[in-house]
Amino acid sequence: MDSDTELAPAVRSILEAARARSGGEGVVDVDARSLPDALAAAEADGRVPVIAEVKPTSPTAAGTRADDPVELAQAMVAGGAAAISVLTEPTHFDGSPEALTRVREAVDVPVLRKDFVLEEDGMDVVEADLLLLIARFVDDLEGLVAAARERGFQPLVEVHDRAELEWAIDAGAEIVGVNNRDLARLKVELETFESVAPEVPDDVTLIAESGISSPADVRRMREAGADALLVGSAIMDHGTGDSDVTENTRRLTRAEPTAGDST
């Protein structure tokens, strides 16, 4: 795990809150919906595989959305989302495990738990189909990947550079997300994915994360090798708080050029 002193203050605060939270009271046992199957179904239907994120707010968002998480998730699925991501971090993202449970009961696509899980007991808070593990923030990545699988989760291991990718592959990751956001500076560069993607083995499901806001961005990440895209803010549109989430999702799952997009 990198030293907290290397991280942006907002990220240090998030990690401190994560360490202070308690784990679950028992070990969860998940009957997970397959993410690779969901991505393949989207492809077969002519849709770009998008994991749409229910994210009420974040330290980098321009505002908040107080819509019901279930209504948001259903709107995203109506727009063609292949899977849903739900923030369960309460302090900085206004998320909750309860919101994830309600969403998972209401949709028939895989649901990712997006949180800062640092230790094994942090997995046992809520059932989900996928569980995010951020390589940079954990010490025993291989152990956490194995522990997640023992519970039935599909672990999505997030990396930011080639060194973290190598660590993730050595830990047995089969689903890897490349975060275009540098969590030390909170700066987003799509070139990050383009740099890391060529090193990812062909049998690994590869997801581009952060900074994807337009059909042009979608096409760029797909051309660089993304099997799927994880998109939050561009769909939630925190800036206005009342835009059409279904249309925001559809715009990306169809990746159709619009005025102002580059080709």
Side-chain angles (χ1 to χ4, degrees), residues 2 6-8 11 35-36 38-40 42-43 46-53 55 58-61 80-83 85 112 114 130 132-138 141 145 154-236 248-249 251-263:
D2 282 355
E6 301 174 6
L7 302 175
V11 178
L35 179 68
L39 303 186
E43 294 267 18
R47 290 176 282 128
V48 175
V50 168
I51 304 170
E53 189 160 89
K55 180 166 66 171
S58 80
T60 59
S85 171
L112 164 69
K114 185 85 173 287
L130 297 109
L132 181 72
L133 296 173
I134 303 175
R136 182 170 192 164
F137 296 151
V138 301
L141 182 59
V145 167
Q154 298 160 93
L156 190 171
V157 179
E158 179 179 296
V159 305
H160 180 67
D161 57 31
R162 294 185 180 190
E164 290 179 3
L165 171 65
E166 183 177 356
W167 187 24
I169 298 304
D170 289 346
E174 297 174 353
I175 304 173
V176 169
V178 178
N179 193 345
N180 288 311
R181 188 184 305 279
D182 179 356
L183 294 176
R185 299 174 295 151
L186 295 180
K187 182 178 180 181
V188 175
E189 296 175 318
L190 294 184
E191 292 85 352
T192 300
F193 182 86
E194 294 167 327
S195 171
V196 176
E199 306 300 318
V200 177
D202 291 340
D203 60 350
V204 169
T205 299
L206 179 59
I207 300 169
E209 304 175 8
S210 297
I212 301 155
S213 60
S214 70
D217 294 337
V218 169
R219 292 190 292 272
R220 180 176 172 180
M221 294 293 94
R222 292 281 279 171
E223 289 167 3
D227 296 309
L229 314 168
L230 177 60
V231 185
S233 296
I235 290 175
M236 295 289 289
N248 292 347
T249 306
R251 178 169 170 262
L252 301 181
T253 60
R254 297 302 177 185
E256 295 172 350
T258 59
D261 279 340
S262 60
T263 57

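Atoms considered below: every heavy atom in the structure, side chains included; atoms not considered: hydrogens, waters and symmetry mates.
Residues Val231 and Leu252 are in side-chain contact: their nearest non-hydrogen atoms beyond the backbone lie under 4.5 Å apart. Side-chain contact between Val204 and Ile175 is absent, with no heavy-atom pair separated by less than 4.5 Å. Counting heavy atoms from C-beta on, the side chains of Phe137 and Leu183 come closer than 4.5 Å. Side-chain atoms of Arg220 and Leu190, non-hydrogen and from C-beta on, do get closer than 4.5 Å to each other.
Note that the CG atom of Leu141 and the CG atom of Asp170 stand 9.5 Å from one another [nearest 0.5 Å]. Taken to the nearest 0.5 Å, the CZ atom of Arg251 stands 10.5 Å off from the CD1 atom of Ile235. Atom CG of Leu229 sits about 4.5 Å away from atom CD1 of Ile212, to the nearest 0.5 Å. Atoms CD and CG, from Glu174 and Leu35 in turn, are 11.5 Å apart once rounded to the nearest 0.5 Å.
Atom CD of Glu166 is surrounded by 12 or fewer heavy atoms from other residues, nucleotides or ligands within 6.0 Å.
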Stepwise, does the side-chain contact (heavy atoms from CB on, under 4.5 Å) test hold for Thr192 with Val178? CA-CA 8 Å; Thr192 300; Val178 178; 4.2 Å; yes
Could you walk me through whether Ser210 and Asn179 pass the side-chain hydrogen bond (donor to acceptor under 3.5 Å, both in side chains) check? CA-CA 6 Å; Ser210 297; Asn179 193 345; 2.7 Å; yes
For Val200 and Leu165, what are the C-alpha separation, side-chain angles and deciding distance, and is it a side-chain contact (heavy atoms from CB on, under 4.5 Å)? CA-CA 8 Å; Val200 177; Leu165 171 65; 3.7 Å; yes
Under the criterion side-chain contact (heavy atoms from CB on, under 4.5 Å), I'd like the reasoning laid out for Ile207 against Leu156: C-alpha separation, chi angles, the key distance, then a yes or no. CA-CA 9 Å; Ile207 300 169; Leu156 190 171; 3.6 Å; yes
Could you check His160 against Asn180 for side-chain contact (heavy atoms from CB on, under 4.5 Å), going step by step and ending with a plain yes or no? CA-CA 7 Å; His160 180 67; Asn180 288 311; over 6 Å; no
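Minimum heavy-atom separation, Pro155 to Leu133: CB-CD1, 4.1 Å. Closest approach of Ala52 and Ala81 over heavy atoms only: CB-CB, 3.9 Å. Across every non-hydrogen atom of Val11 and Leu7, the tightest pair is CG1-CD1, 3.9 Å. Considering all non-hydrogen atoms of both residues, Ala82 and Leu39 come closest at CB-CD2, 4.1 Å. Between Gln154 and Pro36, the shortest heavy-atom distance links the atoms OE1-CD, 3.6 Å. Scanning both residues, Ala8 and Leu186, for their nearest heavy atoms gives CB-CG, 3.8 Å.
Proximity of a side-chain donor or acceptor of Glu164 to a complementary backbone N or O of Glu158 within less than 3.5 Å is not detected. One N or O on the side chain of Arg219 and one on the backbone of Ala255 form a donor-acceptor pair closer than 3.5 Å. Using a distance-only test at 3.5 Å, with no hydrogens or angles considered, a donor-acceptor pair links the side chain of Asp227 to the main chain of Leu206. Side-chain atoms of Arg181 do not come within 3.5 Å of backbone N or O of Val188 as any donor-acceptor pair.
A salt bridge does not link Asp161 with Arg136: none of the charged nitrogens is closer than 4.0 Å to a carboxylate oxygen.
With sequence neighbours excluded, the residues satisfying side-chain hydrogen bond (donor to acceptor under 3.5 Å, both in side chains) with Glu53 are Ser85, Lys114. Residues meeting the side-chain hydrogen bond (donor to acceptor under 3.5 Å, both in side chains) test with Glu43, sequence neighbours left out: Arg222. Listed by chain and number, the residues in a salt bridge (charged side-chain N to carboxylate O under 4.0 Å, His left out) with Glu199 are Arg162 (sequence neighbours excluded). The side-chain hydrogen bond (donor to acceptor under 3.5 Å, both in side chains) test applied to Thr253 returns no partner, not counting sequence neighbours. Scanning for side-chain hydrogen bond (donor to acceptor under 3.5 Å, both in side chains) contacts around Asp217 gives Ser213, Ser214, with sequence neighbours left out. Residues that satisfy the side-chain contact (heavy atoms from CB on, under 4.5 Å) test with Ala224, not counting sequence neighbours, are Phe193, Glu194.
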